[in-house]
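Notes to accompany the following structure.
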Amino acid sequence: MHLALPRTPSRLRRPRSLAGQLFAMQVLLVTVVVAGCAVFAYASAGRQAKETARRQTTAVTTAVADSPAVIAAARTADPTAVLQPYAERLRRDAGVDFVVVMAPDGTRWTHPEPDAIGRTYLGHTGRALHGETFTETHLGVLGPSVRVIAPVRDPAHGDRVTALVSSGITIATISEQLRNQVLALLGVAAAALALGGLGTYVINSRLRRHTHGMNAAELSRMHDYHQAALHAVREGLLMLDGRRRVSLINDGARELLGVTDDVVGRPVGELGLPAPLAKALTAPGPLIDALHLTDERVLVVNSAPVSGGEHRGSVITLRDHTELQALSGELDSVRGFTEALRSQAHEAANRLHTVVSLIELGRADEAVEFATAELELAQALTDQVVGAVAEPVLAALLLGKAAQANEHGAELVLTADSRIDDGLLPPDLPARDLVTVLGNLIDNALDAAAPDATSGAAPPQPGNPGVPADPPKVTVTARSDGGELLLCVADNGPGVPEESAAEIFRRGWSSKRPAAGGRGLGLALVRQAVRRNGGTLALDRAPDGGARFTVRLPLPGTTEGGAS
């Protein structure tokens, strides 16, 4: 005997989408509302039909009872002869089913069916005999009907009741009228249901398109993942709508951009960001690894537009490049120092060969004099830097830059009044910022003083292109001055044009065109580091005609003339 096992579906049925659920719910709701309205309208129509019939028959009955012709006919020996044609004409004109005039004992004088004339009225007459007009529903010759009975009073006989009048409308007639109303009501209800269903379908089709056919559980799960991802990602995420307003920002973007208030819904231009960064964030096209500066950070900006037939906004990611940029600057300095050491090693080898050759030629005294002169020249620069700048980071930087300048055919000079004792710099002044400031200023000065050093040609004399200019020279001053650290770097290059003085610290500006790769960022980083440490940066013309940059950084706990 084989038992039939239930078949397991190959895959679980996917829950109905949110749009589908809403469509079914709305159709059910519209159906219930329309059905309820139809039932209410049907009940109201039934009551209204009966009330209309009562009012209509009351008007007809009282009119007949008050008619002088009826009062006069009741006095005759054969009232039927006069009243039957009158009652039938009135019945047709008034739209009732019967008009019956009878004697006080209930004997009919008129009736729509002639065979019923002379027979006893089927209904109650007691209240009418006492002078009261009343309404009742009773089974008569024509079937159940809503009828009104009224007395006929004869003024000539002291208002005595001489006859009774009854008119009515059958329940069948009322039901026919109600049936016609119900058919019209059903037509209206069906039209309302169709229009409601069509409108619901159109709205839910659009909802299905916007929700991509996902159901409520999937949307809820996506929202939870969305919130978790926003708070978990350390990189900054910023979303702008089509009007360049912030529609979403995560914690990382708030920290990188330095915004703390509720910025959702505000335009990017009102966030207080630097103009180049704000322009980049609102650019319609994509951005790939674009470097931009805030007051404290170097940011890598990537953006992509969100399009769906129209520009709906953009998605922007932000990465902190500050530490990496500082390390890159230090690496460039080390690389330059290494290149200078390699060149000096090559020169030292040449000089050593020269010394050996002089000794082999028997000119030992000249060999000693040549070697001593080279040693004294190198040692003099080292002694000058170390004696003036006891801070090891700055001393190492200056020695490296001096070797780099010598490699490029330029001279790096440390002024005689330069002096920074060990321990002068406070702990809250990062050595990395000092390297950024002084290193970039010296590199910029070398580029300005010896722009053609790599080709080996001396820069032309301004105003006389055929005459070589003075040897490239960079002058550095580093000392404490009035409770501040003074760093001054000057060169004898062509200087900064007046029209470029306002743009020189903007990212992308460079004395060499085009400013590609990492160029155009050094002076911007200098200004950023100076601002971060509460200092000032000034640009003026050096005595030799070149540019002179002066940086002043506060030194807490120092007095005029040196360390406390």
Side-chain angles (χ1 to χ4, degrees), residues 255-258 260 272-274 293-299 320 322-323 325-327 329-330 333 385-401 412-445 474-491 496 501-502 504-507 521-542 547-564:
E255 181 181 357
L256 294 178
L257 296 178
T260 56
L273 303 177
L293 300 178
T294 64
D295 292 339
E296 297 183 355
R297 299 180 185 273
V298 181
L299 302 180
D320 191 357
T322 307
E323 299 294 330
Q325 187 65 39
L327 292 176
E330 294 178 8
S333 299
V385 171
V386 174
V389 181
E391 182 64 33
V393 175
L394 292 181
L397 176 64
L398 290 173
L399 288 175
K401 292 300 180 181
L412 179 65
V413 178
L414 186 64
T415 58
D417 60 344
S418 296
R419 183 172 185 80
I420 298 180
D421 296 330
D422 191 11
L424 175 68
L425 302 181
D428 57 350
L429 182 60
R432 177 171 294 176
D433 285 349
L434 291 178
V435 172
T436 298
V437 172
L438 192 57
N440 281 289
L441 289 179
I442 294 176
D443 288 340
N444 182 76
V474 175
T475 304
V476 178
T477 301
R479 70 171 188 268
S480 61
D481 182 27
E484 296 177 325
L485 175 63
L486 174 66
L487 300 177
C488 183
V489 178
D491 61 75
V496 178
I504 189 171
F505 298 107
R506 177 177 56 83
R507 182 204 174 273
L521 189 61
L523 292 179
L525 291 175
V526 170
R527 183 175 64 172
Q528 183 187 73
V530 170
R531 287 181 174 180
R532 186 165 53 241
N533 291 279
T536 60
L537 173 62
L539 168 64
D540 60 357
R541 181 170 293 276
R548 178 171 62 185
F549 294 88
T550 303
V551 175
R552 292 182 177 274
L553 298 174
L555 294 176
T558 61
T559 58
E560 182 73 29
S564 58

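Nearest heavy-atom pair across Thr477 and Ser418 is CA-OG, 3.4 Å. The two residues Leu257 and Leu273 come nearest to each other via the heavy atoms O-CD2, 3.7 Å. Of all non-hydrogen atoms in Thr415 and Thr475, the two that sit nearest each other are CG2-CG2, 3.3 Å.
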Open item on the list: Could you walk me through whether Phe549 and Val526 satisfy the side chain to side chain contact (heavy atoms under 4.5 Å, CB included) test, starting with their C-alpha distance in whole Å, then the side-chain angles of each, then the deciding distance to 0.1 Å, before giving a yes or no?
Closed with: CA-CA 11 Å; Phe549 294 88; Val526 170; over 6 Å; no

TODO: May I have the step-by-step check of side chain to side chain contact (heavy atoms under 4.5 Å, CB included) for Arg552 and Asp481, ending in yes or no?
DONE: CA-CA 9 Å; Arg552 292 182 177 274; Asp481 182 27; 3.1 Å; yes

TODO: I would like to know whether Ile442 and Leu398 meet side chain to side chain contact (heavy atoms under 4.5 Å, CB included); could you show each step before the answer?
DONE: CA-CA 9 Å; Ile442 294 176; Leu398 290 173; 4.0 Å; yes

Task: Evaluation steps, side chain to side chain contact (heavy atoms under 4.5 Å, CB included), between Leu485 and Ile420 - done: CA-CA 9 Å; Leu485 175 63; Ile420 298 180; 3.6 Å; yes

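Within the 4.5 Å cutoff, no side-chain heavy atoms of Leu555 are placed close to those of Glu484. The side-chain heavy atoms of Leu553 and Leu434, taken from C-beta on, include a pair separated by under 4.5 Å. Under the 4.5 Å side-chain criterion, counting only non-hydrogen atoms from C-beta, Leu525 is in contact with Gln528.
Shown are Val474, Val476, Val489, Asp443; of these, the side chain to side chain contact (heavy atoms under 4.5 Å, CB included) with Lys401 is made only by Asp443.
Although no hydrogens or angles enter the test, the distance criterion places a donor-acceptor pair under 3.5 Å between the side chain of Asn440 and the main chain of Thr436.
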